[in-house]
Amino acid sequence: MLSQLKLVQPTTVHEASTALANFGDKAKVYAGGAELLLLLRHKLVEAEVLIDIKKITELNRLAADEQGIRIGACMTHQALADDLVVRRHAPAFADAESQVANARVRNQGTLGGNLCFNDPHSDPGTVLLVHNASLKVANYKGERQLPLEEFFQDMYATALRPNEILSEIQIPLLPESMTSVYLRLHRYQRPTLGVAAALTMANGSITACRLAVGCAGPKPLRLHDLERQLNGAPVADAPRIVEDHKDYLRGLLRPVDDLLGSADYKLYMTGVMLAQALRTAAQGNDNGLS
Ligand SMILES: Cc1cc2nc3c(=O)[nH]c(=O)nc-3n(C[C@H](O)[C@H](O)[C@H](O)COP(=O)(O)OP(=O)(O)OC[C@H]3O[C@@H](n4cnc5c(N)ncnc54)[C@H](O)[C@@H]3O)c2cc1C
């Protein structure tokens, strides 16, 4: 199958986007291929040309400064799970990356491919939401920035426009006093549910809180209303406050029945895991990564 495809290997994002524009619907962006090759093999997508973006140097770079970490879209899950800068400054994200699938997928799949495919049963997007991550996307005409929260639109749907390439994932550092955690529930390789929490505490109360849930419904989401209710509350009250927001969670997350669990199960476990994530984050980053 693959031998029948034309492979284009651009060395810049501009070249890649120009190739996409020239070949039109016949071309697909090809990063690690963990998803794309399966889709092609099962004839769920058709292509005559693969635009292999892995040779683009800027997509394989990682840089950090006092603002945060900038990750090239073609960095693999394993490289990010192992990276000392990521483990130090975004330990919950490194933890999420280390739990993706298995060693083969982690070494083949890229963070950019994961976010662009936007499979609802994914890990990194959920934890990147509590970092207020944003993305740099570009085509041959120029580039733009957008918050990750706006990038995820629906199941398998993103805000990428025609001929755009995701080039960089920007992860602002959490405030110094904020601790974070990512919890994942799974029976098979892909997660049934993922919950991320980041919080700051003072005298047993929550002074700042960020929460996100992935895999329950079509896309990962921040829980802004629940975060507001938790701000100022004693951490001991968090499980009750989460429980009181069951209808809010159902309406926001729109959990669906699928092969990984029923909607009711995912909703029930969302409450359990949010309470657990808040407790764990309140105790500090104790996941052994930092
Ligand atoms: C068996 C299996 C188990 C998995 N389990 C998990 C799991 O537990 N957790 C999890 O989070 N994920 C899981 N995944 C998903 C995996 O993480 C993704 O498949 C992988 O990260 C996709 O990256 P890729 O580079 O291989 O993308 P590709 O397959 O190359 O591309 C995927 C899609 O994104 C587009 N694309 C890729 N990069 C860009 C870019 N920079 N700009 C624009 N478009 C782009 C491609 O055109 C294609 O449509 C699993 C996948 C498999 C096959």
Side-chain angles (χ1 to χ4, degrees), residues 2 5 7-8 10 12-14 16-17 19-21 23 25-42 44-47 49-56 58-61 71-81 93-129 135-139 143-144 146 151-152 155-169 182 184-194 196 214-215 219-220 259-260:
L2 287 180
L5 294 169
L7 189 66
V8 176
T12 65
V13 170
H14 187 278
S17 172
L20 266 181
F23 288 109
D25 286 347
K26 288 188 289 186
K28 297 282 175 262
V29 173
Y30 168 66
E35 300 288 10
L36 189 60
L37 297 184
L38 282 177
L39 295 173
L40 287 167
R41 197 163 289 142
H42 294 290
L44 294 169
V45 299
E46 289 185 2
V49 181
L50 295 186
I51 315 240
D52 176 6
I53 56 172
K54 289 191 301 298
K55 298 257 185 301
I56 302 176
E58 70 172 278
L59 302 189
N60 291 288
R61 281 197 197 121
I71 297 172
C74 283
M75 291 204 67
T76 63
H77 300 296
Q78 192 64 53
L80 294 167
F93 170 58
D95 191 25
E97 288 289 34
S98 75
Q99 296 186 64
V100 167
N102 54 48
R104 181 187 64 76
V105 172
R106 284 196 297 277
N107 280 288
Q108 179 185 4
T110 65
L111 176 58
N114 185 289
L115 300 177
C116 290
F117 193 54
N118 196 17
D119 184 295
H121 292 285
S122 298
D123 295 285
T126 307
V127 64
L128 288 177
L129 285 178
L135 306 179
K136 186 162 95 182
V137 300
N139 63 16
E143 60 184 43
R144 65 189 175 107
L146 75 168
F151 183 74
F152 293 134
M155 198 178 284
Y156 303 110
T158 69
L160 269 186
R161 295 176 187 155
N163 309 322
E164 275 186 336
I165 310 272
L166 167 60
S167 59
E168 188 175 88
I169 297 94
Y182 177 69
R184 175 192 214 260
L185 174 70
H186 66 111
R187 284 187 67 198
Y188 306 104
Q189 282 182 354
R190 284 187 180 270
T192 299
L193 198 64
C215 314
K219 61 176 185 173
L259 292 174
L260 300 187

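Order of listing sets the numbers, starting from 1, for every ligand and every atom in it.
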Ligand 1 N/O within reach of [X] N/O, cut-off under 3.5 Å:
X	value
Q189	yes
T110	yes
A73	no
P124	no
C116	no
E35	yes
V29	yes

Can any side-chain N or O of [X] pair as donor or acceptor with the backbone N or O of [Y] at less than 3.5 Å?
X	Y	answer
N118	A157	yes
R106	H77	no
S167	K136	yes
T126	P220	no
Q108	G32	yes
R184	D123	no
K26	A47	no
N107	T76	no

If you measure from [atom1] on [X] to [atom2] on [Y], what distance do you get to the nearest 0.5 Å?
X	Y	atom1	atom2	answer
L80	F93	CG	CZ	5.0 Å
I56	T12	CD1	OG1	6.5 Å
H186	Q99	NE2	CD	6.5 Å
F152	T158	CZ	OG1	9.0 Å

- Kindly indicate, with the supporting measurements, whether the criterion side chain to side chain contact (heavy atoms under 4.5 Å, CB included) is fulfilled by T192 and C215. CA-CA 6 Å; T192 299; C215 314; over 6 Å; no
Considering only heavy atoms, which of [options] lies nearest to [atom]?
atom	options	result
atom 37 (C) of ligand 1	A47, G113, A27, G32	G113
atom 13 (C) of ligand 1	R106, Q99, R190	R190
atom 9 (N) of ligand 1	D123, L36, N114	D123
atom 26 (O) of ligand 1	S122, G194, A34	A34

- Item | Cationic N near anionic O, under 4.0 Å, K28 to E35 |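 E35 and K28: not salt-bridged.
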Students should be able to answer this: which protein heavy-atom is nearest to [atom], and at what distance?
atom	result
atom 4 (C) of ligand 1	A101 CB, 3.4 Å
atom 28 (P) of ligand 1	G33 N, 3.5 Å
atom 41 (N) of ligand 1	L166 O, 2.9 Å

Contact atoms of ligand 1, heavy-atom distance to [X] under 4.0 Å:
X	value
P191	7 (C), 8 (O), 9 (N)
L38	53 (C)
A31	25 (O), 30 (O), 37 (C), 38 (N)

At under 4.0 Å between heavy atoms, which part of [X] makes contact with ligand 1: side chain, backbone, both or neither?
X	value
L37	neither
V137	neither
I53	side chain

Look at ligand 1 and say whether [X] reaches it with a heavy atom at a distance under 4.0 Å.
X	value
V105	yes
H77	yes
R184	yes

